[in-house]
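Just below is one structure, and these are the notes that go with it.
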Amino acid sequence: METTNNVGVGSRVTKERKKRIRKGAQSNFFTLLTIFIFYLVIAWLLILSGDDWAWGGDIGQARLDNHFDAYNGRYFGNIIEMIITRNLFARLLIYSIVNTGTVFLIREILNRKVAYVYCFLLILLLPVSFYSQTYGWLAGFANYNTSTFLFLLIIYLVQKNRDSIFLCVSILVLALLTQLFIENLTIASILIAGIGLITAIMLNEQILPYISWLAGAVVGAFIMFSNSAYHMENNMRGFSNADLHTFNSTLLTEWSELYVKQNALLLVLFSIAMYLLSKNKTLEKSLLFFIPSGYFMLRYLFNISWQQQPMVVLVFELLLIITFLGTLIVVISQSQIPFSSKRRSFSYIIISLLLIAPFLIVTPYGPRNILTSYVFLGLALFELLRYTKIDFTSRWSKKIALILVACLALFFLDLHGINKFEDSQRIAQLKQEVNSGEEEVELKRLPYEFIGHDLTPPDGSVQGDRQKMHHNISLDTRFNIVNYHDSSLDKLLENEQ
């Protein structure tokens, strides 16, 4: 009789567990679907700007006909850019799949220990300068978001630590394709794969996934750098552009500005993680954890950049960065978290550094180059926070995260939507004035240009001429660019005076 009762209880437990699993799977599906729809709408609202005008017109076709020779070796990224600037359906599909896939892979790499809502929140909290040149700009998306997605996919497959033929071939092909987007990732991928292979040999792990990764990365790098653009003098992408003499100045200014100082929110979150992981929470330790991140958060909020600061302050800030990094290393090393998580945390931080290390001696370097590094810093942060007292599975923490995600998502939709409407209005007004014979016309800036890139280029510039060509406006037409203003609001203010 007792045995029968135990079987009945076990059966009920199994049914309840299956019910919870099914409910969780449905919740995850609808969360991903919502994220997909969000990016679908954003893709529809994005405005062509900057290089998009070139890739979507005759210039892009001419580059393709020349096999991108003497331009760059970003073959895969260039082709994607041509597709999404010419076909709206392809743009909606590719943009949504890639960006939703990034959120999906972040959770998968974390062994599904962190809910999708937190992974999505990490992306939505991306500094606005990073966002504007990646998620807010199709040319940036084609190279930086897509390569981030593929690189995460490589990491996910390699972490499976299996030597199946299908897995290894998939890694090799992905590694090759990922090399054909951006140069710094091409260089870093070889280094990371090589370090991973050496580590796998030392720890007696499967080495075939790393060999496949390294082989694909080397072949892809050879294809990219075979392009004549990298062997030309006075070319911004040429090997001759590398200059070791700029190391110190770049480290003090642009490099640390974008990688560390603009990531102030992540620094504060790392400080919280260190505090929670630390055993003895003394005042001295707390100051060591929070002074650097607090300083850079205040600096970020006051919109201070390196151009406004004297040399002595920049050196002081570099010392703060070194102190913070050293403290982080010590705290992770001395914490009680499992060795596997320590290893992954250090790996993600090292990967984020290697991805942008080339920019210490090469240019151009901008906010868009930080996207992949930001994602890996986020992975390291989540890996640490999992072992703190913060309960990511509690209903309250998920509700708070969901509220933040909803607010941020609606905010971005609002900004992009207003920009899209105002752009259609200004272009219609522009063409009306041009058709009436006006040789000089007024062109209003958009209200939220900070979420895009080069949305209103200067008249007479290369991008300005491309904008005119895209809208079939004569190059002889002069644009009088003015700041955004709402005429109805102007009338209201006039009536009140």
Side-chain angles (χ1 to χ4, degrees), residues 110 114 118 121-122 125-127 130 248 250-306 308-357 360 370 373-392 397:
L110 293 166
V114 178
Y118 300 112
L121 182 60
L122 172 71
L125 290 174
L126 191 72
F130 303 176
N248 292 334
T250 304
L251 177 63
L252 284 171
T253 57
E254 295 173 333
W255 194 89
S256 57
E257 180 78 26
L258 294 176
Y259 179 63
V260 181
K261 301 167 189 178
Q262 290 290 309
N263 274 321
L265 180 58
L266 276 187
L267 295 184
V268 171
L269 293 174
F270 270 114
S271 295
I272 294 171
M274 286 192 288
Y275 179 80
L276 294 174
L277 288 171
S278 180
K279 290 182 182 179
N280 302 316
K281 297 175 175 59
T282 62
L283 177 61
E284 292 79 7
K285 280 188 176 182
S286 299
L287 292 173
L288 194 61
F289 296 156
F290 287 100
I291 283 180
S293 60
Y295 170 86
F296 288 120
M297 176 55 79
L298 288 172
R299 184 184 185 277
Y300 181 78
L301 292 174
F302 282 103
N303 198 28
I304 298 172
S305 64
W306 66 267
Q308 303 165 254
Q309 297 176 288
M311 178 70 137
V312 64
V313 176
L314 294 176
V315 172
F316 167 74
E317 289 180 348
L318 182 60
L319 292 175
L320 275 184
I321 293 169
I322 295 170
T323 302
F324 186 84
L325 182 60
T327 305
L328 182 62
I329 292 170
V330 171
V331 170
I332 295 174
S333 302
Q334 295 180 350
S335 67
Q336 298 299 310
I337 64 178
F339 172 76
S340 58
S341 289
K342 288 182 182 180
R343 178 187 168 189
R344 282 194 292 269
S345 298
F346 281 128
S347 296
Y348 299 147
I349 293 171
I350 291 170
I351 288 172
S352 76
L353 281 165
L354 288 175
L355 284 166
I356 60 165
L360 286 167
I370 312 296
S373 292
Y374 174 88
V375 171
F376 276 93
L377 287 175
L379 284 168
L381 178 65
F382 279 134
E383 196 67 49
L384 296 176
L385 288 175
R386 279 174 52 197
Y387 296 95
T388 64
K389 293 180 180 179
I390 299 175
D391 186 4
F392 287 106
S397 61

- Query: Does F392 have its ring centroid less than 6.0 Å away from the ring centroid of Y118?
  - Reply: yes

- Is a donor on one side and an acceptor on the other found under 3.5 Å between the side chain of T327 and the backbone of T323? yes

- So, for I390 and L385, which heavy atoms are closest and what is the spacing to 0.1 Å? CD1-CD2, 4.1 Å

- Please report the shortest heavy-atom distance between V114 and R386, naming the atom on each side. CG2-CG, 4.2 Å

- Query: How long is the span from the CG atom in L377 to the CG atom in L355, to the nearest 0.5 Å?
  - Reply: 9.5 Å

- Message: I'd like to check Y259 versus Y374 (side-chain heavy atoms, cut-off strictly below 4.5 Å). Are they in contact?
- Response: no

- Only counting residues at least two apart or in another chain, list the ones meeting side chain to side chain contact (heavy atoms under 4.5 Å, CB included) with K342. I332, S335, I337

- Query: Which residue, L320, V312, L314, forms the side chain to side chain contact (heavy atoms under 4.5 Å, CB included) with F316?
  - Reply: L320

- Below 4.5 Å, heavy atoms only, C-beta onward: do L266 and L122 meet side chain to side chain? yes

- Note on the structure: When rounded to the nearest 0.5 Å, the distance separating CZ of R344 from CG of L110 is 8.5 Å

- Item | Pairwise side-chain contact, R343 with Y348, heavy-atom cut-off 4.5 Å (strictly under) | no

- Query: S341 and Y387: side-chain donor and acceptor closer than 3.5 Å?
  - Reply: yes

- Message: Under a 3.5 Å cutoff, is there a donor and acceptor pairing between the side chains of E383 and S345?
- Response: no

- Does K281 count as lying over the ring of Y275, i.e. NZ or CZ under 6.0 Å from the six-ring centre, within 45 degrees of the axis? yes

- Message: Under the rule for side chain to side chain contact (heavy atoms under 4.5 Å, CB included), what residues qualify as partners of Q336, not counting sequence neighbours?
- Response: K279

- Item | side chain to side chain donor-acceptor pair (under 3.5 Å) involving R299 - partner list, sequence neighbours excluded | E257, Q309, E317

- Short question: side chain of Q334, backbone of V331 - any donor-acceptor pair under 3.5 Å? no

- What's the spacing between F130 CZ and S373 OG if we round to 0.5 Å? 9.0 Å

- Message: Is any side-chain heavy atom of L258 closer than 4.5 Å to one of I356?
- Response: no

- Message: Once rounded to the nearest 0.5 Å, what's the spacing between atom CG of N263 and atom CG of L126?
- Response: 8.0 Å

- Query: Between S256 and I321, is any pair of side-chain heavy atoms under 4.5 Å apart?
  - Reply: yes

- Item | Euclidean distance, L381 CG relative to L267 CG, rounded to 0.5 Å | 10.5 Å

- Please test I272 against F289 for side chain to side chain contact (heavy atoms under 4.5 Å, CB included), starting from the C-alpha separation and ending with a verdict. CA-CA 8 Å; I272 294 171; F289 296 156; over 6 Å; no

- May I ask you to test the K261-Y300 pair for a side-chain heavy-atom distance under 4.5 Å? no

- Task: Keeping the roles fixed (side chain from W255, backbone from V260), state whether a donor-acceptor pair exists under 3.5 Å.
- Result: no

- Inter-residue atom distance I351.CD1 - F346.CZ, 0.5 Å rounding: 13.5 Å

- With a 4.5 Å limit on heavy-atom distance, are the side chains of F376 and I350 in contact? no

- Query: Is there a donor-acceptor pair under 3.5 Å between the side chain of S397 and the backbone N or O of D391?
  - Reply: yes

- Can you tell if the side chain of Q262 reaches within under 4.5 Å of the side chain of I370, non-hydrogen atoms only? no

- Item | Residues S293 and S271: side-chain donor-acceptor under 3.5 angstrom | yes

